[in-house]
Enquirer: 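Structure incoming, see below.
Residue numbers begin at 1 in each chain, while the letters A, B, ... track the order of the sequences.
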Protein chains: 2
Amino acid sequence: MPPRSYVSPARSAAAAETRERVIEAASRTLREGESIARFSLDTVAKAAGVTRLTVYNQFGSRRGLLEAVFDEIARHGGLHQLADAMTMADPRAALDRMVEIFCRFWSRDSAVGRLHDAMATDPEFAEAIRERNERRRRGVTALIERIAGKHTSPQARKDAVDLIFALTSYPTFASLSAGRSKDEVCRVVQTACHAALANLSNPSS
Amino acid sequence: MPPRSYVSPARSAAAAETRERVIEAASRTLREGESIARFSLDTVAKAAGVTRLTVYNQFGSRRGLLEAVFDEIARHGGLHQLADAMTMADPRAALDRMVEIFCRFWSRDSAVGRLHDAMATDPEFAEAIRERNERRRRGVTALIERIAGKHTSPQARKDAVDLIFALTSYPTFASLSAGRSKDEVCRVVQTACHAALANLSNPSS
DNA sequence: GATTGACTATACATTATGTATATCTAATTT
DNA sequence: AAATTAGATATACATAATGTATAGTCAATC
């Protein structure tokens, strides 16, 4: 006899709620812990008031939980403002805005730093984060195409894209954050990006 | 009765040799493995033909082994050339040379990438690596002091130092290495550093 | 009232770091 | 030559983490 399956509004709502609670507990644990080393599913489960097996039921694995946390942070990190930025008339102003948006994103929740640390020990998670970063790379590429002149070599464009991609990455943000506020880091990165744009016209330095 | 202790040339020589063998096996394991995740003392010990306890006798801990590997790589990585570079008459040429030396260093042994990954899970190891990086920061600071004019603000100097420090870091090198040779990365970083120097004269962009 | 989905309880397999204790062997001292 | 010592081994154990397996609980749904 075929099993009769059904969808349950109350059930899935409760499940979604516990899911949110686990994600919240996980990001809090990441935020408060000083290193990814002590981040365990046991800790998260206890903080969320559920069993460790519930975490596995919801996310499948440690990696699944980390990806869910990253996506949650991304959803509330203001990255949706990128769409507006990309439509700005002046592509240089758009780049400044993009830098601002990402500096705010990297600084908003310190859990993103721990998530980047998790890339080191989990190659597949690293790949997942890298794919999410590709959106930033595509944004930079589009702006560079608009800024570059017709005589700009493909090599110069590629260099500018990759350099700005590196400048707007989390590691660069974290490095510059020692002794600087988010806004100060933003200013430094913006200036560096301007300089990278100047090299689009001056192929040889 | 007091224990009679003695130093044994043959013994310490043999110990030093096994130590070298373990370090070699560890760096090879790091180089060949595609992630730090699978790097275990068991694997290293077997690769070196010793017991896991021998590793503990020699290095005390996993962290101790990793630090020893990093120091070994640093010893043979050409960083001693920095001394010559720092004495160059033209500080801008010295900076170019410094970038070149570090690009070669980061690219020489792919184990350095894995060691940087290990920073994520071991805060004390991370601190040890950071201390070793301070030498680079001091070098950059010294050069910036020579390049900056009297009217250059302390803030502008600090910004230049930190930006160039970030540009010459391993994460930046790794990011730019996608689709680029070591020498091409070097050129991109050098150009970016030149631009950072230009901002020493132009306080506001 | 029977069944189903989410969660729980408990147990187990595996892997890794790190510690403890006793033993072995060759180099060194007396 | 005999005792001792440093380095390495053998074996065992404690701890913690991920991940899997199985049975059971309880409320929502059919």
Enquirer: D:dA8 C1' sits how many Å from B:E17 CD, rounded?
Expert: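 So the CD-C1' distance, B:E17 to D:dA8, works out to 13 Å.
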Enquirer: Using the side-chain hydrogen bond (donor to acceptor under 3.5 Å, both in side chains) criterion, which residues pair with B:T43? Sequence neighbours excluded.
Expert: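 Counting only residues at least two positions away or on another chain, B:T43 forms a side-chain hydrogen bond (donor to acceptor under 3.5 Å, both in side chains) with B:S40.
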Enquirer: Output the rounded distance in Å from CD (A:Q58) to P (D:dG19).
Expert: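 Atom CD in A:Q58 sits about 16 Å away from atom P in D:dG19.
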Enquirer: Nearest-Å distance, CG (A:D42) to P (D:dA16)?
Expert: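 These atoms are roughly 10 Å apart.
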Enquirer: Is any side-chain heavy atom of A:F102 closer than 4.5 Å to a side-chain heavy atom of A:V189?
Expert: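 Result no, sub-4.5 Å side-chain heavy-atom pair not found.
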Enquirer: For B:L65 and C:dG18, give me the distance from atom CG to atom C1', rounded to whole Å.
Expert: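 Taking atom C1' of C:dG18 as the reference, CG of B:L65 is at 14 Å.
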Enquirer: If you compare all heavy atoms of B:M119 against all heavy atoms of B:A126, which two are closest, and at what distance to 0.1 Å?
Expert: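 In terms of heavy atoms, the two residues are closest at O-CB, 3.5 Å.
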Enquirer: Give a yes/no answer on whether the side chain of A:S61 brings an N or O atom under 4.0 Å of OP1 or OP2 in D:dT18.
Expert: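 Looking at the OP1 and OP2 atoms of D:dT18, neither is under 4.0 Å from any side-chain N or O of A:S61.
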Enquirer: Considering only distance and modelled atom types, tabulate donor-acceptor pairs under 3.5 Å from the side chains of residues 155-162 of chain A, sequence neighbours left out.
Expert:
{"residue": "A:Q155", "atom": "NE2", "partner": "A:D159", "partner atom": "OD1", "Å": "3.0"}
{"residue": "A:R157", "atom": "NE", "partner": "A:T152", "partner atom": "O", "Å": "3.2"}
{"residue": "A:R157", "atom": "NH1", "partner": "A:E145", "partner atom": "OE1", "Å": "2.7"}
{"residue": "A:R157", "atom": "NH2", "partner": "A:G149", "partner atom": "O", "Å": "2.9"}
{"residue": "A:R157", "atom": "NH2", "partner": "A:T152", "partner atom": "O", "Å": "3.4"}
{"residue": "A:D159", "atom": "OD1", "partner": "B:R180", "partner atom": "NE", "Å": "3.3"}
{"residue": "A:D159", "atom": "OD1", "partner": "B:R180", "partner atom": "NH2", "Å": "2.8"}
{"residue": "A:D159", "atom": "OD2", "partner": "B:R187", "partner atom": "NH1", "Å": "3.2"}
{"residue": "A:D162", "atom": "OD1", "partner": "A:R137", "partner atom": "NH2", "Å": "3.0"}
{"residue": "A:D162", "atom": "OD2", "partner": "B:R180", "partner atom": "NH1", "Å": "2.8"}
{"residue": "A:D162", "atom": "OD2", "partner": "B:R180", "partner atom": "NH2", "Å": "3.0"}

Enquirer: What is the distance, rounded to the nearest whole Å, between atom CZ of A:F59 and atom C1' of C:dA6?
Expert: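 Taking atom C1' of C:dA6 as the reference, CZ of A:F59 is at 14 Å.
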Enquirer: Hey, which sits more toward the 5' end of DNA chain C by its nearest nucleotide, B:T43 or A:R19?
Expert: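 With A:R19 and B:T43 compared, the 5'-side residue is A:R19.
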Enquirer: Rounded to the Å, how far apart are A:K46 NZ and C:dA9 P?
Expert: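 Answer to the nearest Å: 12 Å.
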Enquirer: Quick one, give me the B/S/- string for nucleotides 20-30 of chain D, reading 5' to 3', where B means a protein heavy atom under 4.0 Å from the base and S means that only happens at the primed atoms, P, OP1 or OP2.
Expert: BB-----BBSB
Enquirer: When the distance from CG of B:L41 to P of C:dG18 is rounded to whole Å, what number comes out?
Expert: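 After rounding, the gap between these two atoms is 7 Å.
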Enquirer: Between A:T54 and C:dC7, is there a contact of a side-chain N or O with OP1 or OP2 at under 4.0 Å?
Expert: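 False: A:T54 side-chain N/O out of range (4.0 Å or more) of C:dC7 OP1/OP2.
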Enquirer: Name all stems that contain residues of DNA chain D, defined as runs of 3 or more consecutive Watson-Crick or G-U wobble pairs, both distances under 3.5 Å.
Expert: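 In DNA chain D, stems of three or more pairs: C:1-30 with D:1-30.
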Enquirer: Checking A:S27 against A:R31: is there a side-chain donor and acceptor pair closer than 3.5 Å?
Expert: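 The criterion, which ignores hydrogens and geometry beyond distance, is satisfied for A:S27 and A:R31.
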Enquirer: Examine D:dA6: is either OP1 or OP2 under 4.0 Å from a nitrogen or oxygen in the side chain of B:S12? Give yes or no.
Expert: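 B:S12 to D:dA6 OP1/OP2: no side-chain N or O under 4.0 Å.
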Enquirer: Has A:R146 got more than 12 heavy atoms of other residues, nucleotides or ligands less than 6.0 Å from its CZ?
Expert: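 Yes, the 6.0 Å shell around CZ holds more than 12 heavy atoms from other groups.
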Enquirer: Counting only heavy atoms not in A:E124, do more than 12 fall under 6.0 Å of its CD?
Expert: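 Incorrect, the count does not exceed 12.
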Enquirer: Please tabulate, one pair per line, all N/O donor-acceptor pairs under 3.5 Å involving side-chain atoms of residues 79-93 of chain B, not counting sequence neighbours.
Expert:
{"residue": "B:T87", "atom": "OG1", "partner": "B:D84", "partner atom": "O", "Å": "2.7"}
{"residue": "B:D90", "atom": "OD1", "partner": "B:R92", "partner atom": "N", "Å": "2.9"}

Enquirer: Checking contacts here: which listed nucleotide (C:dC7, C:dT17, D:dA8) is nearest the side-chain heavy atoms of A:N57?
Expert: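 Closest nucleotide to the A:N57 side chain: C:dC7.
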Enquirer: Specify the separation, in whole Å, of atom CZ of B:R38 and atom P of C:dA16.
Expert: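 Checked: the CZ to P distance equals 8 Å.
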Enquirer: Sort and list the pairs that fulfil ring-ring contact (aromatic ring centres under 6.0 Å, His included) and have at least one residue in residues 107-128 of chain B, not counting sequence neighbours.
Expert: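 Matches after skipping sequence neighbours: B:W106-B:H116, B:H116-B:Y170.
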